[in-house]
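Have a look at the structure below, then the notes.
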Amino acid sequence: MHIENVLRASCIIWVSVSSSIIMTTTTEESEALQPYFDFDVPRNLTVTVGQTGFLHCRVERLGDQDVAWIRQRDLHILTMGASTYTSDQRFQVIRPEGSVNWTLQIKYPQTRDSGVYECQINTEPKMSLSYVLNVIELRARILGPSDIFIKSGSEITMVCVIQQGPHELGTVFWYKGNTLVEPLAQENDIHSGDRGRITIETDWTDALTSRLKIKRAIQGDTGNYTCVPTMARSASVYAHVISGEHPAAMQHNAAPSTVGHRTLRRSMCILLLLHLATLLYLLSDRCCSRRSGGQRNILQRPTASHRSARGAAPGRRCETIVFSTHPS
């Protein structure tokens, strides 16, 4: 009996150990077949408004699973596999044939597109990896006031600054009105032989800076100048080139005072009423006389009647019309 018990216990231990070995082996094999993310990719992306953004998701050993891109703020599925599940055509997944890269492309991004996006694998349970997209808006600014006054013959210098963005900001164009300022092809320079009168200098320090310089300014240089960067909003300044010693005395688009408007309207009303009274007086019949009393002019105009009025022709009478010489 004792030997049988020992054998029975040995069998139980062997079966238990064997089961553990089998379960461990199965779990390891299952984990070995699971897809996994490659974490060696940038997951915090900053772009400027209008600059196409790319979120790169690398999935190894995907097998027959699918990869989806989800916008976290509203849990909206943007793409699933190679298909797009949003009506917003700015979003698209890019995956070359056989590649492990599942790249979400965002065209013409706006600030509202900033937020968290998830690359998700439809395993059970689901696997996901978060990405942060920051969309910023860059604005150019021209140093100094929005209106500048320059004496004819002086030098104009306009400085446009754009703070450094996440990527290269390209270049800067200057416009006068709707015309591109081209330093090497100025009409005045060609005819006068002075080709260096207008220059543009662009350089990088802590920001992108562009300087438009106009030497020996003439009145034809007056106008609206706009700094137009390729990756930022534009900025404008109005340059006034004037003759004289007191340019600051000029008032650009100055509005007349309210008191001046009221005085002018009152004078015009009085003149109009006086003119109308004179016209009616000249057109009135001789039977009517002009009488004045206080601040009023009284005109009499003949009207048809079966009675005769004194000093008027038979069959006519005078109608009194009162005009005030003061506007209401």
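Computed from a prediction, not measured in an experiment: that's the story for all the values here.
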Under the criterion side-chain contact (heavy atoms from CB on, under 4.5 Å), I'd like the reasoning laid out for Ile142 against Val159: C-alpha separation, chi angles, the key distance, then a yes or no. CA-CA 6 Å; Ile142 297 178; Val159 182; 5.9 Å; no

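- We find the CE-OG distance between Met158 and Ser236 to be 11.0 Å, quoted to the nearest 0.5 Å.
- Annotation: side chain of Tyr117 is not in contact with side chain of Gln72 (no heavy-atom distance under 4.5 Å).
- Residues Ile121 and Leu129 share a single hydrophobic cluster, defined by chaining ILVMFWY side chains whose heavy atoms lie under 4.5 Å apart.
- For the pair Pro125 and Thr123, the tightest heavy-atom approach, listed with the atom from each and the gap, is O-OG1, 2.7 Å.
- The minimum heavy-atom distance between Ile156 and Val241, with the atom names listed, is CD1-CG2, 3.9 Å.
- With 3.5 Å as the limit, one finds no donor-acceptor pair spanning the side chains of Thr222 and Gln219.
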What's the verdict on ring-ring contact (aromatic ring centres under 6.0 Å, His included) for Tyr131 and Trp69, showing C-alpha distance, side-chain angles and the deciding distance? CA-CA 10 Å; Tyr131 292 73; Trp69 278 100; 5.2 Å; yes

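- Looking at Lys176 and Asp221, no side-chain N of the basic residue comes within less than 4.0 Å of a carboxylate O on the acidic one, giving no salt bridge.
- Under the 4.5 Å side-chain heavy-atom criterion for grouping Ile, Leu, Val, Met, Phe, Trp and Tyr, Val49 is connected to Leu104 within one hydrophobic cluster.
- Criterion: ILVMFWY side-chain heavy atoms under 4.5 Å apart, direct or through other members. Under it, Val228 and Leu180 are part of a common hydrophobic cluster.
- Atom OG of Ser128 is separated from atom CG of Asn122 by 12.5 Å, given to the nearest 0.5 angstrom.
- Of the possible polar contacts, one joining the Gln110 side chain to the Tyr108 backbone as a donor-acceptor pair under 3.5 Å is found.
- Annotation: side chain of Leu138 is not in contact with side chain of Pro229 (no heavy-atom distance under 4.5 Å).
- Remark: Asp203 engages Arg211 in a salt bridge (charged side-chain N to carboxylate O under 4.0 Å, His left out) (not counting sequence neighbours).
- In this structure a side-chain-to-backbone donor-acceptor pair under 3.5 Å is missing from Asp66 to Gly81.
- No donor-acceptor distance shorter than 3.5 angstrom exists from the side chain of Gln65 to the backbone of Leu62, with no hydrogens or angles considered.
- Taking a 6.0 Å sphere around CZ of Arg141, one finds it holds 12 or fewer heavy atoms contributed by other residues, nucleotides or ligands.
- Around the OH atom of Tyr85, the shell of radius 6.0 Å holds no more than 12 heavy atoms that belong to other residues, nucleotides or ligands.
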For Thr103 and Cys57, what are the C-alpha separation, side-chain angles and deciding distance, and is it a side-chain contact (heavy atoms from CB on, under 4.5 Å)? CA-CA 6 Å; Thr103 302; Cys57 181; over 6 Å; no

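- Ser152 and Ser243 get closest at one heavy-atom pair: CB-OG, 4.2 Å.
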For the pair Leu55 and Leu45, evaluate side-chain contact (heavy atoms from CB on, under 4.5 Å) and give the outcome as yes or no after the intermediate values. CA-CA 7 Å; Leu55 300 178; Leu45 176 67; 3.8 Å; yes

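- Ring pair Phe149/His240 is parallel by interplanar angle, where below 30° counts as parallel and above 60° as perpendicular.
- In this structure the side chain of Val181 never reaches within 4.5 angstrom of the side chain of Tyr175, judged on heavy atoms.
- Here Asp64 pairs with nothing under the side chain to side chain donor-acceptor pair (under 3.5 Å) rule; sequence neighbours left out.
- Of all heavy-atom pairs spanning Trp102 and Ala82, the tightest one is CZ3-N, 4.3 Å.
- Between Ser234 atom OG and Ile162 atom CD1 the span is 10.5 Å, to the nearest 0.5 Å.
- Within the 4.5 Å cutoff, the side chain of Thr52 has heavy atoms near those of the Gln105 side chain.
- Checking each of Ile106, Ile136, Leu133, Asp113 against Val47 for a side-chain contact (heavy atoms from CB on, under 4.5 Å) leaves exactly one that passes, namely Leu133.
- Although no hydrogens or angles enter the test, the distance criterion places a donor-acceptor pair under 3.5 Å between the side chain of Ser114 and the main chain of Val135.
- For the pair Asn44 and Asn134, the minimum side-chain heavy-atom distance is below 4.5 Å.
- Separation of atoms NZ (Lys107) and CD (Gln92) is listed at 6.0 Å; rounding is to 0.5 Å.
- In terms of hydrophobic clustering, with Ile, Leu, Val, Met, Phe, Trp and Tyr side chains grouped at heavy-atom distances under 4.5 Å, Ile150 and Val237 are assigned to a common cluster.
- Summarising the geometry, atom CD1 belonging to Ile200 is positioned 9.5 Å from atom SG belonging to Cys227; distances are rounded to the nearest 0.5 Å.
- Residues Trp174 and Ser210 bring a donor and an acceptor atom of their side chains to less than 3.5 Å of each other.
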Please test Ile77 against Thr86 for side-chain contact (heavy atoms from CB on, under 4.5 Å), starting from the C-alpha separation and ending with a verdict. CA-CA 7 Å; Ile77 299 175; Thr86 176; over 6 Å; no

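- Side-chain contact between Gln120 and Val67: absent, with no pair of heavy atoms (C-beta onward) separated by less than 4.5 Å.
- Partners of Glu137 under the salt bridge (charged side-chain N to carboxylate O under 4.0 Å, His left out) rule, at least two apart in sequence or in another chain, are Arg139, Arg233.
- Rounding to the nearest 0.5 Å gives a distance of 11.5 Å between CG of Leu143 and OG1 of Thr157.
- More than 12 non-hydrogen atoms from other residues, nucleotides or ligands lie less than 6.0 angstrom from CG of Asp74.
- Following chains of ILVMFWY side-chain contacts shorter than 4.5 Å, one can reach Val93 starting from Met127, so the two form part of one hydrophobic cluster.
- Taking every heavy atom of both residues into account, Asn101 and Arg58 meet most closely at OD1-CG, 2.7 Å.
- The shortest side-chain heavy-atom distance between Phe173 and Thr226 does not fall under the 4.5 Å cut-off.
- Scanning all heavy atoms of the two residues, the minimum distance from Val116 to Val132 falls at CG2-CG2, 4.3 Å.
- In Gln89, the CD atom is not crowded: 12 or fewer heavy atoms of neighbouring residues, nucleotides or ligands sit closer than 6.0 Å.
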